[in-house]
Amino acid sequence: VPVGTIITDIEEGQVIADLAYPEQKIRLAKGGRGGLGNLHFKSSINRAPRLATNGKLGQRRQLQLELQILADVGLLGMPNAGKSTLIRAISAARPKVADYPFTTLIPNLGVVRVDEGRSFVVADIPGLIEGAAEGAGLGHQFLRHLQRTHLLLHLVDLAPLDPAIDPVQEARAIVEELRKYDGALYQKPRWLVLNKLDLVPEDERQQRIDDFIRRYGWDGPIYTIAAINGEGCQKLCFAVADALVQLKPPPVILPVVAP
């Protein structure tokens with residue numbers, strides 16, 4: 001069973017194991033006890049006994065195994081916010097990138113190496129849309145993969161091609177879907193990453209950024225990048241690596257747990 005698997009007893013509806021660490025072991029069901037064969041009854045008098053005892057049945061359980069990706073950082077955002085472009089820019093992962101929504105159909109993982117001996121894993125899931133918590137779109141199917149992350153990067157397209165799209169409304173919609181889906185996920189540390197800065201004229205960039213922050217009312221960490229050409233990505237990666245030192249708990253190896 002791979003690391004990251006959650007095992008649930010179907011009949012009881014109870015989670016009985018969460019394999020979150022390497023080399024973690026758990027006994028899911030106790031095996032049956034074997035009976036005594038005829039060799040057990042052999043003696044100097046009875047050299048060919050025809051006697052045996054029945055064994056006892058072991059435990060039987062119906063289990064559901066659900067894999068949750070193990071990543072340090074999760075990427076959030078609307079379709080076409082640039083999440084896949086970012087993970088391509090900062091890691092060796094090569095997800096499909098195109099100029100239409102829902103290009104990403106499955107989660108992608110990328111390992112980001114910031115310097116010698118320091119790295120972290122980023123998870124990119126299909127983009128969310130309004131109504132995702134109720135099942136709309138594709139992203140809701142994969143939100144569970146972000147539950148083990150330590151930090152969320154919320155990517156916002158600062159220069160949408162459609163002038164009717166308001167980046168502030170888009171950002172608020174994503175956060176609301178996160179809140180409705182899982183309160184614990186909503187409470188995770190979250191940074192705002194304003195993307196596609198390259199599509200904004202240089203003399204308008206700061207005004208566009210300031211206007212977004214003012215209207216959105218954001219007072220947390222904020223980074224501006226152009227994932228397509230890597231602008232601002234190195235600064236973001238080093239900041240993430242530094243933050244994970246505090247956010248990421250040290251690895252532990254748990255003992256065998258019996259049901």
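The analysis underlying the following values was restricted to heavy atoms, covering all of them including side chains, and did not include hydrogens, waters or symmetry mates.
- In this structure, the side chain of Arg179 does not engage the main chain of Tyr186 through any donor-acceptor pair within 3.5 Å.
- For the pair Ser91 and Val112, the minimum side-chain heavy-atom distance is below 4.5 Å.
- No single ILVMFWY cluster, assembled from side-chain heavy atoms under 4.5 Å apart, contains both Leu236 and Trp218.
- Environment of CZ in Arg113: sparse, with no more than 12 heavy atoms of neighbouring residues, nucleotides or ligands closer than 6.0 Å.
- Hydrophobic cluster membership is shared by Tyr223 and Ile87, with clusters built from Ile, Leu, Val, Met, Phe, Trp and Tyr side chains linked at under 4.5 angstrom.
- In this structure, CZ on Arg215 lies 7.5 Å from CZ on Arg172, to the nearest 0.5 angstrom.
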Does the pair Leu244 and Val73 meet the rule for a side-chain contact (heavy atoms from CB on, under 4.5 Å), with working shown? CA-CA 9 Å; Leu244 288 175; Val73 180; 4.0 Å; yes
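- Heavy atoms from other residues, nucleotides or ligands lying under 6.0 Å from CG of Asp115 number more than 12.
- Shortest non-hydrogen contact noted between Asp157 and Ala159 is OD1-N, 2.9 Å.
- A donor-acceptor pair is defined here as one N or O able to donate and one able to accept, closer than 3.5 Å; no such pair exists between the side chain of Asp9 and the backbone of Arg61.
- How far CG of Leu76 is from CG of Asp124: 10.0 Å, rounded to the nearest 0.5 Å.
- Expressed to the nearest 0.5 Å, how far CG of Leu151 lies from CG of Leu146 amounts to 11.0 Å.
- Once rounded to the nearest 0.5 Å, the distance linking CD of Gln62 with CZ of Arg60 reads 8.5 Å.
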Let me see the working for Ile209 and Leu158 under side-chain contact (heavy atoms from CB on, under 4.5 Å), right down to the final yes or no. CA-CA 8 Å; Ile209 294 169; Leu158 199 61; 3.9 Å; yes
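- Follow the hydrophobic side-chain contacts under 4.5 Å out from Ile228 and you never reach Val122; the two are in separate clusters.
- Under the 4.5 Å side-chain contact rule for hydrophobic residues, Leu192 and Met78 do not share a cluster.
- Checking Ile222, Thr224, Leu153 one by one against Val193, the side chain to side chain contact (heavy atoms under 4.5 Å, CB included) holds for a single residue, Leu153.
- Atom CD of Glu177 sits about 13.0 Å away from atom CG of Asp182, to the nearest 0.5 Å.
- Panel note: side chain Lys83, backbone Ala123; no donor-acceptor pair is recorded below 3.5 Å.
- Asp72 contributes a side-chain N or O that, together with a main-chain N or O of Val121, makes up a donor-acceptor pair within less than 3.5 Å.
- Annotation: the span from Ile90 atom CD1 to Ile225 atom CD1 amounts to 8.0 Å, rounded to 0.5 Å.
- Although no hydrogens or angles enter the test, the distance criterion places no donor-acceptor pair under 3.5 Å between the side chain of Asn46 and the main chain of Phe41.
- Although no hydrogens or angles enter the test, the distance criterion places a donor-acceptor pair under 3.5 Å between the side chain of Lys188 and the main chain of Gln147.
- Environment of CG in Leu185: crowded, with over 12 heavy atoms of neighbouring residues, nucleotides or ligands closer than 6.0 Å.
- Closest heavy-atom contact between Gln59 and Lys30: OE1-N, 2.6 Å.
- In the hydrophobic cluster analysis, where Ile, Leu, Val, Met, Phe, Trp and Tyr join through side-chain heavy atoms closer than 4.5 angstrom, Phe238 is grouped together with Leu86.
- A side chain to side chain contact (heavy atoms under 4.5 Å, CB included) with Tyr216 is found for exactly one of Asp211, Leu194, Val175, namely Val175.
- Pairing each heavy atom of Ala227 with each of Cys233, the nearest pair is CA-SG, 4.1 Å.
- Around CG of Asn54, the count of heavy atoms belonging to other residues, nucleotides or ligands within 6.0 Å does not exceed 12.
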